[in-house]
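Ligands are counted one by one from 1 in listed order, and the atoms in each one are counted from 1 as well. We're numbering straight along the sequence, starting at 1.
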Amino acid sequence: MASEKIYIFDTTLRDGEQVPGCKLNTKEKIQLALALEDLGVDIIEAGFPISSPGDFESVAKISEVVTKATVCGLTRAVQKDIEVAAEALKSAKRPRIHTGIGSSDIHIKHKFNTTREDIIERAAKATKFARNLVPDVEFFAEDAGRADLPFLAKLIETVIRAGATVVNIPDTTGYCLPHQYGEKIAYLKNNVANIDKAIISCHCHNDLGLSTANSIAGAIAGARQIECTINGIGERAGNTSLEEVVMIIKQHASSLNLYTDIQTQKLNPVSQLVSDTMRMPVQPNKAVVGSNAFAHSSGIHQDGFLKESTTYEIMTPEEVGAGGSKIVLTARSGRSALAHRFQKLGYEFNRNDIDVLYGQFLKVADKKKEVLDDDLHVLAKSYQPETVV
Ligand code: KIV
Ligand code: ZN
């Protein structure tokens, strides 16, 4: 069976930019959009054009410069929003309008104060209206993670009939467990008569730390688009991390039978660019792009890694553009890591020398969190090998 493509829909510039305090200006957004296109994302959600003149301008300017990726603008299921989005996207080679409405009873009652029937009517009307303006319309069923399944199926069937090319099933509140989210996608595949006419999209939030697992469960169940952000940034606990889903799909390509078009060696540079531009540091232990993702600090791991890197690394740092692996010398490090570092620094010590130096190294290491090369030069230069008489 041929491997199937997962479309990567990047929403760093829209959902990602909703992070408090991380507002980007148009110039920064254009720079990031070009970096995302170069990374190989299929769709760039550039903003929410009606939300502010600045966002409108960003979507319009990004539409002018992006040539390969689809450029998408978000709207509510409101005619004016959709008209403004179409206007902002008018220069895009591949424009997409992303419109939608709440689908859970909690949203229907408290946000819209209306009925399920009215939601279906508004959704169909907005989708049809958008489809008359652009050929590619994605519909989002907000809070689908907590929506009643038969109702969700009816809503999705209606919007596909109205012209939706992509149907987004957001777990807006990050509520679902992976098997539940996967079952939701499978249910829609089996119970929506016209589902083969649209691509199903996963849009998962990370409130319980499950956004990546949920997105992968969705893809296993048949979704073919994943919505994500660089470094997993976004509202509250964030969105699905682009770098995580991409590397999971790459690492498990043969069992998942899926692939993406992302150039993975560009993941770390783009992660750094987003982090610097948004002034949002990446946590050191972040999967794939954290500064410790390829750092080994305990003696047992260092010994194994130095013998054969695959003992403790399931992917190479080069594959994700991370520069290289690091051996961090701490009080937990062993003799083999110390000997290896002395050798790299140009010293030739035998086993006995290393035994003596290791004792001295541990004294320094107990005082400092990390023993640096300068500390090792001091140890090496003051070392007096014992002479045998
Ligand atoms: O989380 C969500 O439901 C969203 C929609 C607007 C797609 O971001
Ligand atoms: Zn979202």
Side-chain angles (χ1 to χ4, degrees), residues 7-20 22 41-52 55 59 70-78 81-82 84-85 88 96-108 110-112 119 122-123 126-127 130 136-148 151-152 155-156 159 164-176 180-181 184-185 188 198-212 214-215 218 223 225-242 244-245:
Y7 289 87
I8 296 295
F9 176 113
D10 181 278
T11 184
T12 305
L13 301 177
R14 199 280 297 170
D15 222 342
E17 206 234 11
Q18 291 176 205
V19 167
C22 285
V41 311
D42 299 288
I43 301 105
I44 297 171
E45 186 161 52
F48 183 4
I50 204 163
S51 66
S52 73
D55 232 35
V59 176
T70 293
V71 180
C72 179
L74 185 80
T75 81
R76 294 165 296 183
V78 171
D81 281 31
I82 298 169
V84 171
R96 176 182 294 179
I97 288 178
H98 189 190
T99 191
I101 197 161
S103 65
S104 66
D105 287 334
I106 300 176
H107 278 226
I108 295 170
H110 300 291
K111 259 180 80 175
F112 297 98
I119 290 289
R122 289 200 217 179
T127 306
D136 187 7
V137 174
E138 174 168 339
F139 176 83
F140 67 85
E142 195 179 13
D143 202 21
R146 295 185 295 171
D148 173 70
F151 170 69
L152 185 62
L155 177 64
I156 295 303
V159 295
T165 48
V166 180
V167 285
N168 176 8
I169 313 302
D171 184 21
T172 304
T173 54
Y175 171 75
C176 291
Q180 293 169 333
Y181 190 74
K184 199 170 279 284
I185 303 297
L188 296 175
I199 292 174
I200 302 179
S201 184
C202 307
H203 179 114
C204 298
H205 279 265
N206 205 32
D207 300 66
L208 293 173
L210 289 171
S211 58
T212 296
N214 284 347
S215 299
Q225 177 177 284
I226 293 180
E227 309 197 2
C228 43
T229 61
I230 301 289
N231 302 333
I233 58 170
E235 289 253 8
R236 307 184 310 278
N239 287 63
T240 302
S241 283
L242 181 148
E244 292 176 11
V245 289

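- When non-hydrogen atoms are compared, ligand 1 lies under 4.0 Å from the side chain of His203 (C-beta onward) but not from its backbone.
- Atom numbering of ligand 1 starts at 1 in the shown order; those under 4.0 Å from a heavy atom of Asp15 are 8 (O).
- Under the 3.5 Å distance criterion, the side-chain polar atoms of Asn206 are matched with a main-chain donor or acceptor of Leu210.
- For Asn168, every heavy-atom contact with ligand 1 shorter than 4.0 Å involves the side chain, none the backbone.
- A heavy-atom distance below 4.5 Å is not found between the side chains of Ile169 and His203.
- With hydrogens and angles left out, the side-chain atoms of Thr172 and Asp143 include no donor and acceptor closer than 3.5 Å.
- Atoms of ligand 1 found under 4.0 Å from any heavy atom of Thr172, numbered from 1 in the order shown, are 1 (O), 2 (C), 3 (O).
- Considering each of Arg236, Arg14, Glu142, the one bringing a non-hydrogen atom nearest atom 6 (C) of ligand 1 is Arg14.
- Thr12 places a side-chain N or O within donor-acceptor distance of the main-chain N or O of Ile230, the cut-off being under 3.5 Å.
- In the vicinity of His205, heavy-atom distances shorter than 4.0 Å reach the ligand 1 atoms 1 (O).
- Residues Ile119 and Phe151 meet the side-chain proximity criterion, which asks for heavy atoms closer than 4.5 Å.
- In terms of polar-atom proximity, Asp143 is not counted as a contact of ligand 1, lacking any N or O under 3.5 Å from an N or O of the ligand.
- Here the N, O or S atom of Asp15 that is nearest to the Zn ion (ligand 2) is OD2.
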One pair to check against side chain to side chain contact (heavy atoms under 4.5 Å, CB included): Asp171 and Lys184. What are the steps and the verdict? CA-CA 10 Å; Asp171 184 21; Lys184 199 170 279 284; over 6 Å; no

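- Rounding to 10 degrees gives 100° for the angle at the Zn ion (ligand 2) between NE2 of His203 and NE2 of His205.
- Between Glu227 and Thr11, the side chains place no donor N or O within less than 3.5 Å of an acceptor N or O (distance only, hydrogens not considered).
- At a threshold of 2.8 Å, the Zn ion (ligand 2) has no backbone or side-chain N, O or S atom of Glu235 nearer than that distance.
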